Protein chains: 2
Amino acid sequence: MKIGQLSKVSGCSIQTIRYYEKEGLLKLPNRSEGNFRLYDEKALQELEFVKHCRSLDIPLSDIKTLLELKNKPEESCSSINNLITNQLKMVNKRIKELNALKSELQLMKKACSLTGNTVEACGIMTSLNS
Amino acid sequence: MKIGQLSKVSGCSIQTIRYYEKEGLLKLPNRSEGNFRLYDEKALQELEFVKHCRSLDIPLSDIKTLLELKNKPEESCSSINNLITNQLKMVNKRIKELNALKSELQLMKKACSLTGNTVEACGIMTSLNS
DNA sequence: TATAGACTCTATAGTTACTATAGGGTCAAG
DNA sequence: CTTGACCCTATAGTAACTATAGAGTCTATA
């Protein structure tokens, strides 16, 4: 199939597919006589793999690592485990940050609804200035 | 004070200060004879305001809006409230996404530790391929 | 005065992961 | 043949920084 079809089937934009190819995440596909990219089922699976990883916020560089490991079935999977562990750690960190952020924003909202309704008297502005 | 001092006092890098000035978040400062930027207490406060907003993940374009409103004390603060409400909504959304992501990563970790220890037999890889 | 090191300047490019656009080629149907 | 959909590469843009290059300023010291 051509790139437009792959895009539709995978839900990944044409430009992103080309980007992934350029970044080395996807193999160079065969080409038609007109130089159109030609993809098979295997290519679709690789793209789905990459997309799945992206949905986990795994950076492209790490996805590359995973793809390389995929080609070494006998290799120990400890590095995969480490990668996921690290990713989980970062996600936890980010959740924590966002919860703190959320708390502050909620306090601000409360500050606004309890005071007057001009910028000068706005509890949000006062809070942002502190 | 000069930019290096402002950077130290505010915890904001020199380059970021210049970036904020270029993006219109900070006013053009006075200059010395040698063309060095000169900042007063007011400028420091404005920078702290911007930094505080950034710590809330508020995008620069919205911060600009807030700064403009800051100069209109009589104006209604409803737009400020809307801005914070919207920001809160996005933060909640992101928290939700990250929690879903966390769950999947945790399942993966479990899958790995319960199976063998090669890439081929790795529950994480299996999961990423699905 | 000269020098050296710290500081400052502007311009430009790079980071990450896309996303859009320009200008041109391919292909199939009418 | 024409037209419109699809495809190609190259380049630039997005957001928010961050780094680097090359040159100027300033101050303390010899």
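Keep in mind it's a predicted model, so treat the numbers as computed, not measured. Residue numbers begin at 1 in each chain, while the letters A, B, ... track the order of the sequences. Just the heavy atoms: all of them, side chains too, but no hydrogens, waters or symmetry mates, feed the values below.
End-to-end axis angle of the helix from C:dT1-D:dA30 to C:dG30-D:dC1, from C1' rotation axes over five pairs per end: 30° (rounded to 10 degrees).
Taken from CG in A:L26 to CG in A:L67, the straight-line distance is 8.0 Å, to the nearest 0.5 Å. A distance of 11.5 Å separates OG1 of A:T16 from CD of A:E23, quoted to the nearest 0.5 Å. Here CE of A:M108 is found 10.0 Å from OG1 of A:T126. Values are rounded to the nearest 0.5 Å.
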Decide side-chain contact (heavy atoms from CB on, under 4.5 Å) for B:D57 and A:L98; before the verdict, give the C-alpha distance in whole Å, the side-chain angles of both, and the deciding distance to 0.1 Å.
-> CA-CA 9 Å; B:D57 273 4; A:L98 287 173; 4.1 Å; yes
Salt bridge (charged side-chain N to carboxylate O under 4.0 Å, His left out) assessment of B:E97 paired with B:K93 = CA-CA 6 Å; B:E97 288 169 359; B:K93 181 169 177 256; 3.6 Å; yes
Using the side-chain contact (heavy atoms from CB on, under 4.5 Å) rule, take A:R94 and B:R94 through it: C-alpha gap first, then chi angles, then the decisive distance, then the call.
-> CA-CA 10 Å; A:R94 188 64 185 142; B:R94 188 63 185 146; 5.6 Å; no
Go through the steps for B:I124 and A:C77 under the test side-chain contact (heavy atoms from CB on, under 4.5 Å), then give the verdict.
-> CA-CA 9 Å; B:I124 292 179; A:C77 73; over 6 Å; no
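Rounded to whole angstrom, the span from the CD1 atom of B:I3 across to the C1' atom of D:dC26 amounts to 16 Å. Rounded to an integer number of Å, the gap from A:R18 CZ to D:dA10 P is 11 Å. To the nearest angstrom, C1' of D:dT18 lies 13 Å from NZ of B:K22.
For residues 28-42 of chain B, proximity to DNA chain D is found at B:G34, B:F36, defined as any non-hydrogen atom under 4.0 angstrom from a strand atom.
With sequence neighbours left out, the side-chain contact (heavy atoms from CB on, under 4.5 Å) criterion links B:K2 to B:F36, B:L38. The side-chain hydrogen bond (donor to acceptor under 3.5 Å, both in side chains) search around B:N99 returns none, not counting sequence neighbours.
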Using atom names, set out every protein N or O paired with an N or O of nucleotides 14-16 of chain D below 3.5 Å, distance rounded to 0.1 Å.
residue, atom, partner, partner atom, Å
D:dA16, OP1, B:L60, N, 3.1

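Here the closest non-hydrogen pair linking B:L56 and B:Q87 is O-NE2, 2.9 Å.
Taking every nucleotide of DNA chain C with any atom under 4.0 Å from a non-hydrogen atom of chain A, the first and last of them, 5' to 3', are C:dA17 to C:dC27.
Between the A:T85 side chain and the A:N81 main chain, a donor and an acceptor come within less than 3.5 Å of each other. A donor-acceptor contact shorter than 3.5 Å is absent between the side chain of A:Q45 and the backbone of B:N129. No donor-acceptor distance shorter than 3.5 angstrom exists from the side chain of B:T118 to the backbone of A:E75, with no hydrogens or angles considered.
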